[in-house]
Amino acid sequence: VLQYGLPDDALKRQIAELMARRGVSCTEDQVFLTTGSQQAMDLASRLLVDPGDCVLLEQSIYDGIRMAVKARQPRVLPVATDPDEGIDLEDLEARLAGVERASFLYAMSEGHNPLGSSLAEDRKRGLVEIARRHELPIVEDDVYGLLGLDGDSPPPMRALDERWVLYLGSFSKILAPSMRVGWLVVPEDLIEPLTALKHSSDVDTSTFGQQVIARYLEQGRLPAHLDRLRAEYGRRRDAMLEALEKHFSGKARWTRPRAGIFVWLELPEGTDTTRLLEAALDEGVAFCPGEAFASMDPAPLRRSMRLSYAGSSPERIAEGVERLARVVAGNVKVAV
Ligand SMILES: Cc1ncc(COP(=O)(O)O)c(C=O)c1O
């Protein structure tokens, strides 16, 4: 356990079983273990992107992917995204029409970070159809997919296509981020190049972390843990939505997550949430300003913020939203 080691077969088997729970059929030979899903993003970028290539990122996007691709010096093509509905397929087609080739599209089908939304079935199908037609890899980040809050999440895009969708999962959001164990599900012919790239960056995924998680999964303990986690996050989500309804109704727009841990709150035009943050912290309430999630132009995201309900009790969430409403009312010209 304390030595270098090959990727743990028992863990890969367990992950293939977990994928079946997500409605994805794959073999353990298609599972590639990574040091968290952040490394999976880095490896996918190194595998797929050459300097100057085009990468498609939604306008509002998890900052970790932006950082991962940045090292490859790509041309980022921002794709319009609706906070509720997700990636705009027409805009994606228009972006693709303007370039010879794009290296990949990064997408989240469940519990989007930062938007909190999930893709409808027809949008997932539409994206996969575009990917096939343009031979465009989709890097699908599904780290919140097992955190369905209204029952099991529908299957990710990887369930629809195993050639063009490179799937990325993690134990960070369902078990323990400190273990630093994530995974990719990819076509078998990509395992060898990924192995070479990974070796140059960290040799192995922590042998210790792999074995701890493999034993935990073998003991069959994950399902009960996930049930508890999802029930608790569900209560926290409900508390946040209820408080938003009470304090922001008619004055702001927000998303209603069915998976994950985030709500995206859009305030009236002209609001600058980065400037609001200081006043909010003085009131003891924190959020992430929208512009932190811009793939390119931060201006349209300045009026928005990402709220997380993961870390506080329903009572504290209710109190936090009430305080936030006070801060907004005192600092935004349009009365809230
Ligand atoms: C959408 C998303 N993807 C990936 C990660 C990275 O997680 P890890 O590297 O711990 O698996 C995070 C962490 O916040 C995330 O929110």
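Just follow the structure's listing: the first ligand is 1, and inside any ligand the first atom is 1.
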re atom 5 (C) of ligand 1, the protein heavy-atom contact at minimum distance is Y62 OH, 3.4 Å

Taking only non-hydrogen atoms of G36 and a 4.0 Å limit, the atoms of ligand 1 in range are 9 (O), 11 (O)

Here the atoms of ligand 1 under 4.0 Å from any heavy atom belonging to R180 are 8 (P), 9 (O), 10 (O)

Looking only at protein heavy atoms, what sits closest to atom 6 (C) of ligand 1 is S37 OG, 3.3 Å

### Task
Check whether any heavy atom of M41 sits under 4.0 Å from an atom of ligand 1.
yes

request  = Considering only NZ, NE, NH1 and NH2 on the basic side and carboxylate oxygens on the acidic side, decide whether R236 and E232 come within less than 4.0 Å.
outcome  = yes

Requested in this report: Would you please test E140 and K124 for salt bridge (charged side-chain N to carboxylate O under 4.0 Å, His left out) and show each step?
Outcome: CA-CA 11 Å; E140 179 177 40; K124 290 182 193 174; over 6 Å; no

Say whether S45 and K70, considering side chains only, have a donor N or O and an acceptor N or O under 3.5 Å apart. no

### Task
Considering only NZ, NE, NH1 and NH2 on the basic side and carboxylate oxygens on the acidic side, decide whether D150 and R237 come within less than 4.0 Å.
yes

Atoms of ligand 1 under 4.0 Å from any heavy atom of D141, numbered from 1 in the order shown, are 1 (C), 2 (C), 3 (N), 4 (C)

Under the salt bridge (charged side-chain N to carboxylate O under 4.0 Å, His left out) rule, what do R323 and E319 come out as? Steps first, then yes or no, please.
CA-CA 6 Å; R323 288 187 198 185; E319 169 69 26; 2.8 Å; yes

Taking only Lys NZ, Arg NE, NH1 and NH2, and the carboxylate oxygens of Asp or Glu, determine whether E121 and R125 approach each other closer than 4.0 Å.
yes

Review point. Aromatic rings F171 and W183: how do their planes relate, parallel, tilted or perpendicular, breaks at 30° and 60°?
Key: tilted

What verdict does the side-chain contact (heavy atoms from CB on, under 4.5 Å) test give for R75 and V55, after you've listed the backbone C-alpha separation in whole Å, the side-chain angles of each residue and the deciding distance to 0.1 Å? CA-CA 6 Å; R75 202 178 129 208; V55 171; over 6 Å; no

Check: Counting both backbone and side chain atoms, is some N or O of T35 under 3.5 Å from an N or O of ligand 1?
Finding: no

Ligand 1 atoms nearer than 4.0 angstrom to some heavy atom of K173 are 12 (C), 13 (C), 14 (O)

Is it true that Y144 lies under 4.0 Å from ligand 1, counting heavy atoms only? yes

S170 heavy atoms within 4.0 Å reach ligand 1 at atoms 8 (P), 11 (O)

Numbered in order shown, the ligand 1 atoms found under 4.0 Å of a heavy atom of M108 are 1 (C)

